[in-house]
Every structure is written in C-alpha cells, then in structure tokens.
Amino acid sequence: MRIAFDNSYAKLPSRMFTAMPPTPVDTPTLIAANADLAALLGVDIDSPEAASIFAGNTVPDGAAPLAQVYAGHQFGNWNPQLGDGRAIMLGEVVGTDGIRRDIQLKGSGPTPYSRQGDGRAWLGPVLREYIVSEAMHALGVPTTRALAAVTTGEPVYREDVFPGAIITRVAQSHIRVGTFQYFAARGDVEALQALTDHVIARHYPDAAGPADLLDQVIARYAALIARWMSLGFIHGVMNTDNVSIAGETIDYGPCAFMDVFHPQTVFSAIDQFGRYAYMNQPGIGAWNMAQFATALIPLMSDREEAITTFTEAVHRFPDMHEAEWLKRFGAKLGLAAPSAKDVSLINDLLDLMARDGADFTHTFAQLGSEKARDQFLDRDAFDVWHLRWQRRDPDTALMAQANPQIIPRNHRVEAMITAGREGDYAPFHALLRAVTQPYAALTDDTAKYARAPTDDERVQRTFCGT
Ligand code: AMP
Ligand code: MG
C-alpha cells in the first residue's frame with residue numbers, strides 16, 4: 001500500500017521522541033475501516049495489506065514510526081515522565097482538504113514510555129473509542145478520528161483475559177499541553193522553542209509568538225468544552241497530557257454521555273472526588289490552560305511581564321467559555337442570537353431538568369413537541385418555563401441542527417462491546433451507523449438507539465481503556 005507520508009514531527013530534535021516501529025502481533029484481522037476518512041487521507045483500505053498495516057506488522061513505505069514523549073498533571077498531580085506507552089505514530093499525511101494529520105496506532109506494543117504497562121489495548125476500549133470519536137465528529141465536535149480497528153489474535157490480561165485489539169487514530173496532531181510541560185520542566189528551552197515553532201506553523205499559522213499562541217489555544221479549547229457541555233458529554237480524564245494543543249477531543253477512556261441530567265455527574269471509576277464531573281469541565285479547562293501558560297513562560301525574555309500577560313489571558317477563559325456556551329445552548333433553544341438575558345432561561349431549564357431527572361438528549365430533542373413535558377415531574381413548572389421560552393420565538397430548524405436524536409448511549413456501547421468479545425461485530429456496525437447520523441429523523445432501524453436506558457440497563461460506571 002502506498003500512503004503519501006509527509007513527516008514533520010520526526011524532523012524535530014531527536015530527544016523529543018523515540019523512533020521505533022510497532023511490535024508485530026500474531027494474527028491481524030480487520031474489524032472496521034473508515035472509508036470516508038481513508039479517502040480524505042488517500043489510504044487504500046481495500047488493499048490486501050490493510051490489516052497488516054493497521055496491526056503494526058507491516059510498516060508502509062515513507063512512514064517514520066515513533067513514540068512521542070510528554071509529561072502531565074494527572075488528577076492535579078505532576079508526573080514528569082509520560083509518553084506514548086501503548087501508541088506509535090506512523091507518520092503524517094496531508095489530506096485532500098489540505099490539513100495535515102497524524103496516523104497513529106494505539107495498542108501497538110511497549111515503548112520506553114510504557115512504565116509497567118504492556119503497551120497493548122483490548123477490544124472493548126478500541127471499539128468504544130471508534131464509536132465515540134466518530135459520533136463526536138458527526139455531532140460537529142473537533143475530535144481525533146478512527147481510521148481502522150483490528151484484532152491482534154493475542155490475549156490481553158487485565159481483570160480478565162480479553163481479545164487484544166489496535167485502533168488506528170487520526171489527529172491534527174498528538175501534541176498535548178503535557179508535551180510543552182515535559183520540555184519546560186526540564187529547562188530544555190531549545191526543544192520548547194522548536195515545539196512551539198512547529199505548533200504555530202502547523203496549527204496556528206497566524207500566531208505571532210507564544211503569547212498569541214496561548215490566546216488562540218485558549219479560544220479553541222473554550223469552544224471545545226462548550227460543545228461538550230451542550231451535548232452532555234463528560235470527558236472523564238481531563239489531565240494535561242490529554243489536552244490536545246490543536247483543540248480536538250482526544251483520549252476516549254472513561255468518557256460518557258449523560259442520560260439523566262445532573263450537573264455533578266461522574267462516570268469514571270477512578271475519578272473518586274469528581275474532579276472531572278460534568279459541571280467542573282469549564283473550570284478544569286481554565287486550570288489546564290494555566291498549566292499551558294506556565295510551560296510557555298521560559299520562552300519569554302521578560303518573565304515578570306509574561307506572567308502578567310499570560311495570567312490575563314488565562315483569566316479570559318471563563319468569559320470565552322460562557323460566550324461559546326451561550327451560543328451552543330442558545331441554538332439548542334432555537335435562538336440564533338442569544339443575549340445575556342437568555343442565560344437564566346437556559347439555566348432555569350437545566351435546573352428543572354436536574355431536579356426532575358430529565359433525560360438530557362431527549363429533553364432538548366423533544367422541546368418543540370408535546371413529549372418534552374413527559375420528562376418532568378413538576379409539569380406546572382415546566383409549563384411556566386415553556387411559555388417564557390415560546391415568547392422568545394424559537395427557530396425550530398436551528399433546534400433540529402443543534403439537538404441530536406442519537407448519542408452513543410452508554411448501555412448501547414457496553415452491549416456492543418459484550419457482543420464484540422463474543423466475535424459478533426454486527427451491533428458495533430449498527431451502532432456506528434446510528435451514531436454517525438445523529439441529527440437525522442429517526443427510522444425504524446435507528447429508533448432503538450435514541451431510547452434512554454431502563455433502570456436495569458443504566459450504566460453507572462465507566463473504566464479507563466488501559
Ligand atoms: P491515558 O490513560 O491514556 O491518559 O494514559 C496515561 C499514560 O499511561 C500514558 O503515558 C499512556 O501511554 C500510558 N499507558 C496507558 N495504558 C498503557 C498500557 N497498557 N501500556 C503502556 N502504557 C500505558
Ligand atoms: Mg492519554
């Protein structure tokens with residue numbers, strides 16, 4: 001297979017990564033490949049070599065396989081040494097849209113950054129990332145994407161023995177806040193400068209320098225988190241090593257979409273204190289941007305002045321997020337130009353939803369119909385709110401574009417994984433078809449994917465993909 005690799009990260013100073021190939025596996029078997037994304041990248045997924053390439057057994061010509069090094073704050077605690085412990089980037093490709101992207105295998109074997117890990121992934125997290133990242137893309141959220149998934153024919157040992165798998169992930173880049181932190185913490189200003197120049201050229205070409213870069217990353221990240229909020233999405237591990245500098249959602253571990261709305265919802269089994277609860281995400285976003293700002297300080301000639309400027313930039317994050325949040329939730333209510341007055345209209349609905357345990361997705365999808373009322377116990381309170389809202393003359397076409405019918409519901413994702421473990425991928429393909437048309441009118445085939453879980457089906461906890 002010929003892939004037109006055009007690698008730029010591999011040309012950066014060699015201490016910024018470890019050049020190495022993926023570790024071959026026993027029996028590569030293709031489960032899924034993404035035809036649209038493959039066409040964008042010029043990758044021939046019908047090639048007889050496809051499974052072997054996506055498993056890491058064949059390194060295609062022109063690839064420059066490497067594992068990136070980074071650091072990060074995990075649940076607020078500094079970890080000076082992280083990196084691609086179970087991933088290998090094959091290289092970069094400029095798509096037919098002119099955008100440069102990384103092609104990375106995740107679950108591809110140990111690297112110098114694996115610590116105690118085996119460098120592998122099991123089928124569950126691979127299928128979950130495939131479904132959720134492609135759903136996010138279809139929902140209009142900037143995200144890494146899934147190009148392919150393979151099984152390895154090898155067992156992976158976790159709390160049980162699971163089938164091993166590898167996902168091929170595509171991202172505008174895999175550079176994280178933690179990548180900057182790694183070099184800043186070592187006082188390696190030369191590498192920090194090279195990384196900054198690379199990121200500006202690649203993702204923010206009109207940024208004049210680190211201060212401008214910071215402003216633009218903050219703007220993108222604030223907009224990204226507002227999109228998560230507007231869909232009831234909880235990332236679950238907003239560690240600084242999981243914050244993409246390109247402003248994409250990255251690292252689908254214990255992430256989840258809420259069914260019943262409650263602002264303090266947490267799914268991740270390891271998030272004991274709810275640091276990454278739904279409602280905390282904007283605040284954590286600002287905290288993560290403060291860490292990014294700190295990592296850029298060594299590049300500035302006047303440290304005191306930089307601290308002042310960067311602090312102001314980080315303090316703009318909450319207002320930027322609020323403006324994006326208002327835009328997104330305004331659209332959900334059919335308001336093309338929401339004003340500050342609409343903030344209470346939105347929040348009053350969310351308060352009623354939280355009090356009565358309304359389903360987040362259904363409530364918004366059904367707002368224009370009689371059905372929304374059924375989500376509420378206190379119907380009188382909802383009727384009062386509804387009247388207030390109607391006076392704002394909502395645009396139903398705008399609402400249809402902002403309120404998905406279908407999100408990857410946790411119980412569907414888990415059922416799909418259970419079937420996959422038994423070698424039945426039909427539920428995976430059916431769920432993928434449904435979640436990649438989230439705004440389409442429901443059909444007989446897709447209606448079941450819109451349905452909320454019953455009490456028995458409801459998933460309370462999600463787990464990391466390690
Ligand atoms: P994550 O949970 O994806 O944010 O991962 C945190 C860190 O642990 C990263 O440096 C990963 O590369 C590493 N890691 C996670 N799982 C494994 C694994 N199975 N083998 C080796 N490294 C891993
Ligand atoms: Mg990670």
Side-chain angles (χ1 to χ4, degrees), residues 73-76 121-136 139 141 143-144 146 158-160 162 167 224-243 249-285 287-288 350 353-354 356-364 404 406-418 420-421 427-428 431 435 438 449-466:
H73 282 92
Q74 299 178 304
F75 290 90
W122 76 271
L123 183 64
V126 165
L127 296 181
R128 167 190 277 275
E129 173 157 349
Y130 200 120
I131 292 278
V132 183
S133 65
E134 286 302 304
M136 290 288 263
L139 288 162
V141 184
T143 177
T144 64
R158 299 289 182 264
E159 65 276 15
D160 199 350
F162 293 110
I167 185 166
L224 179 70
I225 293 178
R227 284 198 181 260
W228 295 354
M229 299 302 279
S230 78
L231 294 165
F233 177 78
I234 303 164
H235 182 281
V237 230
M238 292 173 68
N239 295 338
T240 58
D241 54 301
N242 292 337
V243 179
T249 312
I250 189 170
D251 275 13
Y252 291 92
C255 64
F257 286 82
M258 264 187 287
D259 297 303
V260 168
F261 176 68
H262 194 283
Q264 293 309 332
T265 304
V266 177
F267 284 96
S268 170
I270 57 166
D271 191 359
Q272 288 174 30
F273 303 107
R275 178 181 170 88
Y276 300 136
Y278 171 77
M279 211 56 200
N280 292 356
Q281 296 184 121
I284 290 292
W287 194 89
N288 286 340
L350 291 171
M353 288 165 64
D356 290 0
D359 183 89
F360 185 88
T361 305
H362 280 332
T363 302
F364 285 103
I406 298 182
I407 49 154
R409 299 234 180 216
N410 303 315
H411 65 297
R412 291 287 172 198
V413 172
E414 301 240 326
M416 169 282 290
I417 291 172
T418 303
R421 263 188 89 179
F428 164 82
L431 182 59
V435 300
Y449 297 103
R451 192 175 58 68
T454 61
D455 286 343
D456 288 349
E457 289 172 328
R458 195 181 308 286
V459 173
Q460 310 282 8
R461 283 279 163 270
T462 53
F463 299 87
C464 283
T466 53

A146 and I167 have their tightest heavy-atom pair at CB-CD1, 4.0 Å

Could you check if a side-chain atom of M353 sits within less than 4.5 angstrom of a side-chain atom of F360, using non-hydrogen atoms only? yes

Mark yes or no for whether T144, through its side chain, and I250, through its backbone, hold a donor-acceptor pair below 3.5 Å. no

Please say which of T361, T265, V459, D359 ends up in a side-chain contact (heavy atoms from CB on, under 4.5 Å) with D259. D359

Just by modelled atom types, is the T143 backbone N or O under 3.5 Å from a matching donor or acceptor in the T249 side chain? no

Passing candidate, ring-ring contact (aromatic ring centres under 6.0 Å, His included) with Y278, options F267, F233, F261: F261

Do E414 and R128 have side chains that get closer than 4.5 Å, going by heavy atoms? yes

Hey, does R158 have a side-chain heavy atom less than 4.5 Å from the side chain of F463? no

Just verifying a value: how many Å separate H73 NE2 and M238 CE, rounded to the nearest 0.5 Å? 14.5 Å

Of the non-hydrogen atoms in V132 and C255, which two are nearest, and what is the gap between them? CG1-SG, 4.1 Å

Aromatic contact between Y130 and Y252, with the criterion being ring centroids under 6.0 Å apart: yes or no? no

N410 (side chain) donor-acceptor with F257 (main chain) under 3.5 angstrom: yes

Is there a donor-acceptor pair under 3.5 Å between the side chain of D251 and the backbone N or O of N242? no

Does any non-hydrogen side-chain atom of L350 lie less than 4.5 Å from one of M279? no

Nearest 0.5 Å, what's the CE-CG distance between M258 and L231? 10.0 Å

Would you compute the distance between atom CD1 of I225 and atom CG of N288 and round it to the nearest 0.5 angstrom? 7.0 Å

Keeping the roles fixed (side chain from H411, backbone from D456), state whether a donor-acceptor pair exists under 3.5 Å. no

Taking the side chain as C-beta and beyond, is there a heavy-atom pair between W228 and I234 under 4.5 Å? no

How long is the straight-line distance from CZ of R451 back to NE2 of H362, given to the nearest 0.5 Å? 8.5 Å

Are I417 and L123 side-chain neighbours, meaning at least one heavy-atom pair lies under 4.5 Å? no

Side chains of Q272 and F75: closer than 4.5 Å at any heavy-atom pair? no

So Q74 and D241, do their side chains get closer than 4.5 Å, heavy atoms only? yes

Determine, stepwise, if the pair M416 / V413 fulfils side-chain contact (heavy atoms from CB on, under 4.5 Å). CA-CA 5 Å; M416 169 282 290; V413 172; 4.1 Å; yes

For side-chain contact (heavy atoms from CB on, under 4.5 Å), just list the numbers for Y276 and I284, CA-CA rounded to whole Å, side-chain angles, deciding distance to a tenth of an Å, and then say yes or no. CA-CA 7 Å; Y276 300 136; I284 290 292; 3.6 Å; yes

Report the distance from atom CD1 of I131 to atom CZ of R412, rounding to the nearest 0.5 Å. 12.0 Å

From CA spacing to verdict: side-chain contact (heavy atoms from CB on, under 4.5 Å), F273, V266: CA-CA 9 Å; F273 303 107; V266 177; over 6 Å; no

Which value, rounded to the nearest 0.5 Å, describes the distance between M136 atom CE and H235 atom NE2? 8.0 Å

